[in-house]
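Notes for the one structure printed next.
Each chain gets a letter, A, B and so on, in the order the sequences are listed, and its residues count up from 1.
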Amino acid sequence: MPELPEVEVVRRGLARWVRGRTIEAVEILDPRSIRRHALGAEDFRGNLVGATVTDTVRRGKFLWMPLADTKHDDGASRLAPSSYLPAARLESEAGGIVHTAPRVALMAHLGMSGQLLVEDEDQPDEKHLKVRLRLSQDGDHLPAELRFVDQRIFGGLFVTGMVATADGMPGGLGEDPEALVPVEASHIARDPLDPAFSFEEFFSRLRARRTGLKRALLDQSLISGIGNIYADEALWAARLHFARATDTVRRPEVTRLLTACRDVMERALEAGGTSFDSLYVNVNGASGYFERSLNAYGREHLPCLRCAEAGLDSRVRRDTFMNRSSYTCPRCQPRPRNGRW
DNA sequence: CGCGGCACCTGAGAGC
DNA sequence: TGCTCTCAGGTGCCGC
């Protein structure tokens with residue numbers, strides 16, 4: 001489930017249904033979905049069985065569940081550090097990233113088509129079911145399984161170590177304010193809904209780029225959580241063209257753009273996310289309904305609603321950009337000449 | 001070293 | 001029916 005609001009919907013579902021529960025069994029139906037686990041699917045399983053999910057944390061589109069080991073009362077981890085933090089990684093962290101006491105997390109990225117579903121064990125397997133986790137039954141009537149379903153396999157799960165980022169700030173949006181960040185998410189910038197997001201840092205880094213606005217919005221190391229839908233929606237709301245040169249944008253324009261990003265993603269979150277079909281659902285399999293609130297994305301040839309309100313007829317156009325579609329109103333988002341202003 | 005293009009996958013739908 | 005083509009909410013890596 002792609003962009004920030006959809007991932008946050010999933011995070012909240014996991015916080016409700018999975019936090020505090022212990023993983024009792026792991027079934028890997030397709031090892032290709034254990035994507036970046038350096039030591040392979042079998043090691044992945046060994047790291048998870050007996051571990052308890054202590055929290056659910058998100059940064060941009062990355063989602064993770066910090067794990068506590070419940071096997072030993074003395075607090076010693078059953079998990080050898082080398083099994084989740086390869087030596088090469090330790091060496092590569094010299095620049096910028098300070099290593100702290102290793103903690104582990106179950107990382108998830110949904111890619112283009114991943115789903116995390118909380119279900120009873122008697123539910124039939126989904127066609128693209130990749131991984132099944134059986135969870136402890138601490139209370140009663142809790143669904144017994146957490147399933148990872150993914151048609152295109154761009155998403156995946158893995159267990160990894162967590163580090164503190166260079167700014168020494170807490171990791172992301174979760175319940176634990178001291179949360180660290182998994183190594184694989186440490187290059188991901190804060191997202192616009194993160195209280196620690198810095199406008200000044202974003203503005204100066206954006207201005208230093210020599211590229212177009214949309215390409216910058218989609219760069220997760222500059223600003224995270226924004227994908228193709230919400231980039232188009234935010235640019236439309238801010239009346240800016242996707243090809244506008246980043247080194248010419250002025251402060252008020254960037255303020256407008258960021259406000260638009262926050263606004264559209266918060267509204268999408270309230271609506272449960274954007275779904276065009278059953279591919280994008282919450283942990284209980286239900287679709288969000290923000291799709292009906294989109295102003296630009298997917299509206300080729302349809303009227304620009306802002307222009308219509310002003311009594312003008314302007315139709316949304318679709319351009320191929322970065323090998324994907326971009327939707328703009330040619331009247332209120334005019335294409336800059338020579339990519340400049 | 002920053003930027004842009006492309007590979008990684010599967011499936012749905014259109015057109016012939 | 002089946003082929004080919006395009007398209008789909010993302011990310012990382014490689015060459016320039």
| Under 30°, 30 to 60°, or over 60°: which ring-plane class applies to A/F242 and A/F321, parallel, tilted or perpendicular? |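 A/F242 and A/F321: tilted rings.
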
Atom pair distance, as rounded to whole Å: [atom1] in [X] and [atom2] in [N]:
| X | N | atom1 | atom2 | result |
| --- | --- | --- | --- | --- |
| A/L157 | C/dT11 | CG | P | 15 Å |
| A/E3 | C/dA8 | CD | C1' | 12 Å |
| A/Y230 | C/dG10 | OH | C1' | 15 Å |
| A/R152 | B/dC8 | CZ | C1' | 9 Å |
| A/D191 | C/dT11 | CG | P | 12 Å |
| A/D150 | C/dT11 | CG | C1' | 13 Å |
| A/R205 | B/dC1 | CZ | C1' | 14 Å |
| A/Q151 | B/dC8 | CD | C1' | 14 Å |

So, A/D43 and A/R45, do they make that salt bridge, N to O below 4.0 Å?
->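 Salt bridge flag = no for A/R45 with A/D43.
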
Below 4.0 angstrom from OP1 or OP2 of [N], is there any side-chain N or O of [X]?
| X | N | value |
| --- | --- | --- |
| A/R209 | B/dC3 | yes |
| A/R215 | B/dG5 | yes |
| A/K127 | B/dG11 | yes |
| A/T211 | B/dG4 | yes |
| A/H187 | C/dT11 | no |
| A/H128 | B/dC9 | no |
| A/R324 | C/dG10 | yes |

- Got a minute to check which stems DNA chain B is part of, using Watson-Crick or G-U wobble pairs under 3.5 Å, three or more consecutive?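 DNA chain B forms these stems: B:2-8 with C:10-16, B:10-16 with C:2-8.
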
Work out how far the P atom of C/dT6 is from that of B/dC6, and round it to whole angstrom.
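Looking at atom P only, C/dT6 and B/dC6 are 14 Å apart.
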
Could you give the distance separating B/dC9 and C/dC3 at their P atoms, to the nearest angstrom?
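It comes out at 23 Å once rounded to the nearest Å.
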
**side chain to side chain donor-acceptor pair (under 3.5 Å) between A/S136 and A/R21, intermediate numbers included** = CA-CA 6 Å; A/S136 59; A/R21 298 177 72 182; 4.7 Å; no

Side chain to side chain donor-acceptor pair (under 3.5 Å) for A/T274 and A/Y289? Distances and angles first, verdict last. CA-CA 6 Å; A/T274 300; A/Y289 51 90; over 6 Å; no

Looking at [options], which one has an atom nearest to any side-chain atom of [X]?
| X | options | answer |
| --- | --- | --- |
| A/N323 | C/dA8, B/dC9, B/dC6 | B/dC6 |
| A/P2 | C/dG10, C/dA8, B/dC3 | C/dG10 |
| A/H109 | C/dT11, B/dC3, C/dA8 | C/dT11 |
| A/K61 | B/dT10, C/dA8, C/dG10 | C/dG10 |
| A/S325 | C/dG10, B/dG5, C/dC7 | C/dC7 |
| A/F62 | C/dG12, C/dA8, B/dG11 | C/dG12 |
| A/Q220 | C/dG10, B/dG4, C/dT11 | C/dT11 |

| task | Establish whether A/F199 and A/V264 are linked, either directly or via other cluster members, by ILVMFWY side-chain heavy-atom contacts under 4.5 Å. | result |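 In one cluster: yes.
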
### Message
For a quick check of understanding: with a heavy-atom distance under 4.0 Å over all strands, which category does A/R35 fall into, base, sugar-phosphate or nothing?
### Response
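Contact class for A/R35: none.
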
Base of B/dC8 and ring of A/F154 stacked, centres under 5.5 Å, planes under 30°: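 Yes, aromatic ring over the base.
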
* Asked: Are there more than 12 heavy atoms of other residues, nucleotides or ligands under 6.0 Å from atom CD of A/E121?
  ->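 Buried by this count: over 12 neighbours within 6.0 Å.
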
Aromatic A/W236 / basic A/R299 pairing, under 6.0 angstrom, 45° off normal: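 Verdict for A/W236: no cation-pi partner in A/R299.
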
Would you say A/T246's side chain and A/R209's backbone share a donor-acceptor pair under 3.5 angstrom?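 Answer holds: yes.
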
**Report entry** Nearest-0.5 Å distance, SG of residue A/C304 to CG of residue A/N295
**Finding:**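 So the gap between those two atoms works out to 8.0 Å.
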
